[in-house]
Each structure stands twice: as C-alpha cells, then as structure tokens.
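One structure below.
FYI, the numbering just counts along the sequence from 1.
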Amino acid sequence: MDTLWTFVVDHRNQLLTDSYLHVSAVVQAVVIATVVSVLVGVAVRRSPWGSALSTAAASIVLTVPSFALLGILIPIMGLGVRPTVTALVLYALLPILRNTIVGLSSVDPAVADAARGVGMNRLRVLTGIELPLAWPSILAGMRISTQMIMGILAMAAYAKGPGLGNLIFSGLSRLGSPTAVPQALTGTALIIVLALLLDGALLLVGRLTTPRGARD
C-alpha cells in the first residue's frame, strides 16, 4: 500500500490529466452517439423493419472485439483520438438507440393526438412532448453506454488513444519493476471511480431534466 500511495502522490499531475482525457473522450462519444441514436430512432420508430434493421446493425458492432475494431480504424484514421472516439461512438450506439425506440414507442398516442388537436405540428409534438416523455428511457441507455465504454476506452492505448489505458498498459509492460503493479492498479481503480462519478452525474441530470409526469 505504501508503494501504491507513493506512486499516486508522485504522479498526481499525470493521473489528473489522464483522468480528464478519459472522461472527456467518454463524454464526447456518448453525446455523439446520443445525437445519432435519437435521429435514427425518430426516423425508424414507426417502422418495425427499420427498427429491427437499425438495432441489428448496432448490435453487430458489439460482436467485434475492441482490438479488432481499432485495427480496422487505424489504417483509415491513423493513431490517436479520431479512431478512439469513433470506436467508442460505435460501441455506445446500441443501448441508446434501443432505448430511444422503446421510449418513443411507449408514448401514449392519445397524448400526441391531443397535442395535434390544439394546433401543434409534428415537430413541436416530437420536441415538446414525445422526446421529453421518452427522455428517461434515453438517459437510461446513455448510462449503460457510459459504463460500457469507460472500460473499452482502456483498450484504446493500443491506438495511442487518450486516457488511463496508457497507464495500465505501461504498468503491465513493465511487470517486475517496483512501480508496475501500483501503476496498473491505479489506472484500473481510477476508471472504476470515474465510471461511478459519471453515473452519478447522469442520475443528477435525469432528476433535473425529466418532466414530473415522466418520472417513475
């Protein structure tokens, strides 16, 4: 434990920087995946075939190992942030897309009909009623994706990506040295802590942004 604490104290600036980059990459990926998923979900929600095809396409990505996906993206995008964030977005799509479709489909048609009856057009009904009512389901998908890609991002060190994966890989590559295990353990522990903090932040966002009528 003394060696672990000494490593944390001696490398606190690096740990703070890597933690910030890790969270930043995850947040960017989840935001992009949410925008894409909501747009696709709105487009296919009334089509059983469209919903099935879009979720199937997103599901296929999850069957591809992260190393293999990065190996495909690196020749196209090079090393660094671009292939990393692209891979994270692809992995984050399925939970958000599926929950978006479920959330929009669960909105009572009578509510939308009543809104149209008072003169609201389709866009206003979607943005003012349907999406807010589906928001808790969408947010639940975002939480799942966030937790999932927090760990996947550690593999991005293979592509020279940002985050705490570099710390873990560096420690594992130097097994036998005094700081190797503390380095890998610190990176792993920080990913777990940051995942819990992000999940708590999303819970807070949900409480602040969910309409009262849509809360459980």
Side-chain angles (χ1 to χ4, degrees), residues 19-20 22-62 84-153 163 191-216:
S19 297
Y20 167 77
H22 202 97
V23 171
S24 177
V26 168
V27 170
Q28 290 178 57
V30 170
V31 169
I32 296 171
T34 301
V35 172
V36 173
S37 297
V38 170
L39 291 175
V40 174
V42 168
V44 304
R45 61 186 169 136
R46 291 190 175 92
S47 169
W49 280 102
S51 299
L53 287 174
S54 60
T55 53
S59 298
I60 291 173
V61 177
L62 293 182
T84 299
V85 173
T86 301
L88 294 181
V89 170
L90 292 174
Y91 281 120
L93 286 174
L94 179 60
I96 305 173
L97 176 59
R98 180 179 290 165
N99 280 34
T100 298
I101 295 172
V102 170
L104 290 172
S105 299
S106 65
V107 176
D108 189 346
V111 176
D113 291 340
R116 294 190 188 96
V118 297
M120 295 179 69
N121 58 32
R122 287 187 176 182
L123 181 60
R124 288 187 64 192
V125 171
L126 174 66
T127 58
I129 295 177
E130 293 177 323
L131 282 177
L133 290 177
W135 173 239
S137 180
I138 296 171
L139 186 62
M142 293 171 64
R143 289 176 62 193
I144 294 170
S145 291
T146 299
Q147 299 304 301
M148 184 171 61
I149 66 175
M150 281 292 292
I152 292 175
L153 179 54
I191 289 176
I192 295 171
V193 171
L194 292 174
L196 294 174
L197 290 175
L198 273 181
D199 191 56
L202 287 173
L203 274 174
L204 179 60
V205 169
R207 295 185 68 86
L208 295 175
T209 59
T210 301
R212 289 186 179 180
R215 293 179 186 173
D216 295 331

If you measure from [atom1] on [X] to [atom2] on [Y], what distance do you get to the nearest 0.5 Å?
{"X": "Leu194", "Y": "Met150", "atom1": "CG", "atom2": "CE", "result": "4.5 Å"}
{"X": "Ser47", "Y": "Leu53", "atom1": "OG", "atom2": "CG", "result": "8.0 Å"}
{"X": "Ile192", "Y": "Gln147", "atom1": "CD1", "atom2": "CD", "result": "11.0 Å"}
{"X": "Leu204", "Y": "Thr209", "atom1": "CG", "atom2": "OG1", "result": "9.0 Å"}
{"X": "Leu90", "Y": "Ile60", "atom1": "CG", "atom2": "CD1", "result": "12.0 Å"}
{"X": "Thr100", "Y": "Met142", "atom1": "OG1", "atom2": "CE", "result": "9.5 Å"}

Would a 4.5 Å heavy-atom cut-off, applied to side chains only, mark [X] and [Y] as touching?
{"X": "Thr146", "Y": "Leu202", "answer": "yes"}
{"X": "Leu198", "Y": "Val26", "answer": "yes"}
{"X": "Ile149", "Y": "Leu88", "answer": "yes"}
{"X": "Arg98", "Y": "Ser59", "answer": "yes"}

Just by distance, do the side chain of [X] and the backbone of [Y] share a donor-acceptor pair under 3.5 Å?
{"X": "Thr55", "Y": "Ala52", "result": "yes"}
{"X": "Gln28", "Y": "Val85", "result": "no"}
{"X": "Thr34", "Y": "Val30", "result": "yes"}

Work out which heavy atom in [X] is nearest to a heavy atom in [Y]; give both atom names and the distance.
{"X": "Ile101", "Y": "Gly41", "value": "CG1-CA, 4.0 Å"}
{"X": "Ser106", "Y": "Gly103", "value": "OG-O, 2.8 Å"}
{"X": "Ser145", "Y": "Ala92", "value": "OG-O, 2.7 Å"}
{"X": "Leu153", "Y": "Ala25", "value": "CD2-CB, 3.9 Å"}
{"X": "Ser54", "Y": "Val40", "value": "CB-CG1, 3.9 Å"}
{"X": "Arg45", "Y": "Leu104", "value": "CD-CD1, 3.7 Å"}

Kindly determine whether Arg124 and Ile129 satisfy side-chain contact (heavy atoms from CB on, under 4.5 Å), including the steps that lead there. CA-CA 8 Å; Arg124 288 187 64 192; Ile129 295 177; over 6 Å; no

